[in-house]
Amino acid sequence: MQIVRTLPELRQALAPHRRPAFVPTMGNLHAGHIALVEQARPLGDVLVASIFVNRLQFLPHEDFDSYPRTWEADCARLEAAGCQVLFAPRETDLYPQPQTFKVQPDPALADILEGQFRPGFFTGVCTVVMKLFSAVFSGHASGVAVFGQKDYQQLMMIRQMVQQFALPIEVQAGPTQRAPDGLALSSRNGYLSAPERESAVALSQALQQLAARWQAAPDAGAALEAQALDALRAQGWQPDYLTVRRRADLQPAGASDAAGTLVALGAARLGGTRLIDNREF
Ligand code: PAF
């Protein structure tokens, strides 16, 4: 695996190839990331991953400084998964000047759910992903990028960005990987204490239960969401949202929306750790 830090090095490494397959990450890799890498492997003629903890997508009070950086272990896992080029820019490589030009996503999608509780988050994500795409794919007529479905709204945002800017990039979704008890794999699971880890599956269970109850009584929508929030609070969580949305635009679902077109999404804090998850139904 070739490790490159700068844009010119990356472009040189990718120049002989036709169609890069790309998995962007912030490092601290787990089996969920490796599944994305394995999914991406046959989709292009060179497999590229990036590790970059992107300051622009963290709010001042969030965990940018403490975000786990596990460089040696990440390199070993990527190499074992067949990654050929690892782009790991320093902050000064990706942002040599303050990044004053930003990608401003559609507020209808960016200011709801995650964006309501993490204002500016999606501007930070879209800006860095656009920059990474430009680094990886410029000079190539086509490419493919794989993003995890656990970050449901992020995936949708990236798809919209690619479509609206007519980027010659196919975006594929990687299914959420779960621990045996059902907890969605996430780098932030590492923040959980042992007792918190034991009860962390409650978020995924709350979403499954919300989806099941919604299917049984779609007219009761708002009450079901309120019940789900109360039930999670009673277990010691501080939920930001638990809600049923239309998959197509993440707008609130109604009784007339058919099963198979919906998704239950949630974000909640357990102790100091904020987790997100979703369930399509
Ligand atoms: O999902 C992530 O890890 C990040 O948001 C991403 C896409 C790598 C951009 O920093």
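What you see is a predicted model, and the numbers here were worked out from it, not measured in a lab. By convention here, the first residue in the shown sequence is residue 1. Ligands are counted one by one from 1 in listed order, and the atoms in each one are counted from 1 as well.
With a 4.0 Å cut-off on non-hydrogen atoms, Leu132 does not touch ligand 1 at all.
Among the atoms of Gln154, some N or O lies under 3.5 angstrom from an N or O of ligand 1. Considering backbone and side-chain N/O atoms, Gln57 comes within less than 3.5 Å of an N/O atom of ligand 1.
Between atom CZ of residue Arg245 and atom CD of residue Glu280 there is a gap of 15.0 Å, rounded to the nearest 0.5 Å.
The side chain to side chain donor-acceptor pair (under 3.5 Å) analysis of residues 214-223, with sequence neighbours excluded, yields no pairs.
At a threshold of 4.0 Å, the pair Arg55-Glu62 does not count as salt-bridged, since none of the basic side-chain nitrogens sits closer than that to a carboxylate oxygen.
Taking a 4.5 Å side-chain heavy-atom cut-off between Ile, Leu, Val, Met, Phe, Trp and Tyr, the cluster of Val53 extends to Met26, Phe58, Phe64, Tyr67, Tyr191.
Close contacts between ligand 1 and Val128 involve ligand atoms 9 (C), 10 (O) [criterion: under 4.0 Å to a heavy atom].
In terms of protein heavy atoms, atom 3 (O) of ligand 1 is closest to Met26 CG, 3.7 Å.
Between the side chain of Asp106 and the backbone N or O of Met157 there is no donor-acceptor pair closer than 3.5 Å.
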